[in-house]
Amino acid sequence: MASADRATESEESLVSLYRPSTILPIARHRDALLYLVENYPVTIVVGQTGSGKTTQLPQYLHQARWTEEGKIIACTQPRRVAATTVATRVAEEMGVRLGEEVGYSIRFEDMTSPRTRIKYMTDGMLLREALVDPLLSRYSVVMIDEAHERSLSTDVLLGILKKIRRRRKDLRIVVSSATLQAEEFARFFGDEGESGEEERGGNRDEGDGDGGRKELAKIISLEGRCYPVDVLYLEEPAENYLEKAMQTVFDIHLKARSMNMHFPDKPSNVQALTSTLNKYRRVKGTFWREEIETAISTIMERAGDLHPRAPQILPLPLYAGLPSDEQLAVFDPAPENHRKVIVSTNIAEASVTIENIVFVIDCGFVKLRAFDPRTGIEALSVVPVSRASATQRAGRAGRTRTGKCFRLYTQRAFNDVMTEMGVPEIQRSNLAPVLLQLKALGIDNVVRFDFITPPPSELMARALELLFSLGALDDYARLTKPLGLRMAEMPVDPMTAKILLNSVNFQCTDQILSIAAMTSVQNVFITHEGSKKPAESAKRKFAVEEGDHLTLLNVYQAFAPKFNKPNAAKWCKDHYLNFRALSRAVSVCQQLRRYLDKFNLRVSSEGGGGTPTGEGIRRCLATGYFAHAARMQPDGSFRSVNGMQLWAHPSSVMFNRKADWVVFHEVVETGKKTFIRDVTVIEKDWLLEYAPGFYQLRK
DNA sequence: GAGCACTGC
């Protein structure tokens, strides 16, 4: 991993445009890898980006005949885009058509065929397959890639795989990890409490651990490929990180050759810039959209002072909410005599890789979604990044050549304040969806489930309580049938699943389908450059007094007939709506409808939903979202059932509007206030009617 | 009258 302590020798002379797979670092380890997979149930592969593990290892296994007798090699990824791009690349390397021997499977896209032997997929997708095939019997090898990211689905998969392995001695598990966590994975799989002689003693009882114990998991390290990165710290903490970041941008730009001025704790060791200008970006965590845009315009303004013939700066924003064509702009080569400066959220930390980054400015913070068991609500909060995360950010500067990373914090903060590793998602998430899924997989005793990092018991208790109140679990915490089982099968969170399944009783299936789809996509409403007023008035045309859910339904109903028509995108633009988000909502809606069809729930949209105030729809919402209820206070804020003070988000139609009781979709915490988004007016009596147990529990 | 990390099924 690139860091300040790394030796400074450079591999620049080895740079080549095309690297045939035979000379990737992994090629030298081919035999060792195959030996381990052959002889050990679990192989932990430690290797950095660029080592070739993701693309090569499945091919080696295929060549070594792990795909005989119709078996498949699975390789999971935490992100869709990784699954598709890697599959495309491997199909090319193998000279086959994508979807035949090599394919991928992600939500809405199954690019596989009966001939597929190597299958890249999202981790969530494999988890879903386990619901249908609990032993994952189609697969001979399951490779969990990027396991060190510890995504929710990856953690659940690891626990399930460990369980499956006891029943399937032929299964091989490969876990790819960063150095820091390799031992933890090995310990997890190694600590079986049962005999390790799975090759010979497949029929031995569990828990028989005497004698003949064999190591179950082996670690193998592949040399990575990256250049040294010089890491520099501030001497004093920055008062204003945004300002400091912009100063640093100009320091780098103007003084790249003697840039030790603001970072005196390190000798200059300056990278001589070649005639082509190098790009750099800052990886950030605490800025939001407006801050990024502020930084962009400020940099642009200050860049006006540069000598016209001096090298210029081209600042570019990058965040998930940006329209995709603007996102893609960061990949365009800079015009001649320009240096690209990419100001981004942490979308660039793991999801997007921009080549030719030589400088990274790391502000040292990250915004995380965390579930508060006390309030039962998920919210965002700002925390210092972990050292592992900071190392990852710094490493982004060393992809093409030796680079520099400017950390906008002190070395002391790095050593004393930051933790070694971030808290895994499973320890800070709403576990209701996870536990529901485990129950559906037949794992009844979820409290004793073998999590690699067990979640806090408060999170477990909260999740069980919610699932019980939703009717997914019975008095003995067993999955109810059909309700709980159906809820687990649907690809939405339990509260949404509940309103979908319940919509039949309120004769508003169509409407709830549309609402569920709309709340699952983000950024429905957009504003064009400098066009706040018209966007607001466009939105008012869809607005419904009773709240955001019905407003979203109006938007969906207006859009749906235009979907797939040639002028749909233009219609969206004219109405200040996000075409891509709405198109995705249509896909989600269709998928959810197929589930209801499968359950033989007659899709009907007559009756309650059709009334002017949408009472049936709002009642139905209350049957799932009762845990997200709040009451308006005299000062205009809301008070949640747990006593939290909440404010209607400015984007809500309930913003500055009078109401009594409401339910809401989600909570967003910013610096000063906690906001609720997607808010709908309900009656207090409905809460007592549909969730009497829940409201008795907390009085 | 104030402003939404990032994924995934």
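Naming convention: chains lettered A, B, ... in sequence-line order (proteins, then strands); numbering from 1 in each chain.
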L438(A) CG to dC9(B) P, straight-line distance once rounded to whole Å: 18 Å
Y625(A)-H665(A) aromatic ring centre distance below 6.0 Å: yes
Nucleotide dA2(B), atom C1' - distance to NE2 of H649(A) in whole Å: 8 Å
Side chain of R128(A) - closest among dG8(B), dC9(B), dA2(B): dC9(B)
Given dC4(B), dC9(B), dG3(B), the nucleotide with the shortest approach to the side chain of P650(A): dG3(B)
Residues Q645(A) and S637(A): side-chain donor-acceptor under 3.5 angstrom: yes
Whole angstrom value for the distance that separates C1' of dC9(B) from CG of L592(A): 10 Å
Aromatic plane relationship, Y409(A) with F414(A) - under 30° parallel, 30 to 60° tilted, over 60° perpendicular: parallel
Interatomic distance where CG belongs to N656(A) and P belongs to dG1(B) [whole Å]: 7 Å
Close approaches to DNA chain B from residues 489-499 of chain A, in residue order (heavy atom, under 4.0 Å): P491(A), V492(A)
Sugar-phosphate, base or nothing in reach of T122(A), heavy atoms under 4.0 Å: sugar-phosphate
Gap between atoms CZ and P, on R677(A) and dA5(B) respectively (whole Å): 8 Å
Phosphate OP1/OP2 of dA2(B) contacted by S651(A) side-chain N/O (<4.0 Å): no
Check against salt bridge (Lys or Arg N to Asp or Glu O under 4.0 Å), E489(A) and K598(A): CA-CA 11 Å; E489(A) 279 189 53; K598(A) 190 181 126 191; 2.7 Å; yes
Worked verdict on R150(A) versus T453(A) for side-chain hydrogen bond (donor to acceptor under 3.5 Å, both in side chains): CA-CA 10 Å; R150(A) 303 295 302 277; T453(A) 319; 2.5 Å; yes
Distance-only polar pair, side chains of Q77(A) and Y120(A), donor-acceptor under 3.5 Å: no
Partner of V492(A) by side chain to side chain contact (heavy atoms under 4.5 Å, CB included), out of T519(A), I499(A), L500(A): L500(A)
Euclidean distance, atom CZ of residue R107(A) to atom P of dT7(B) [Å, nearest integer]: 15 Å
side-chain N/O R80(A) vs dC9(B) OP1/OP2, d < 4.0 Å: yes
Touch class at under 4.0 angstrom, heavy-atom based, for I106(A) against every strand present: sugar-phosphate
Interatomic distance, M487(A) CE vs dC9(B) P [rounded to whole Å]: 20 Å
Rounded distance (Å) that lies between atom P of dA5(B) and atom CD of E149(A): 19 Å
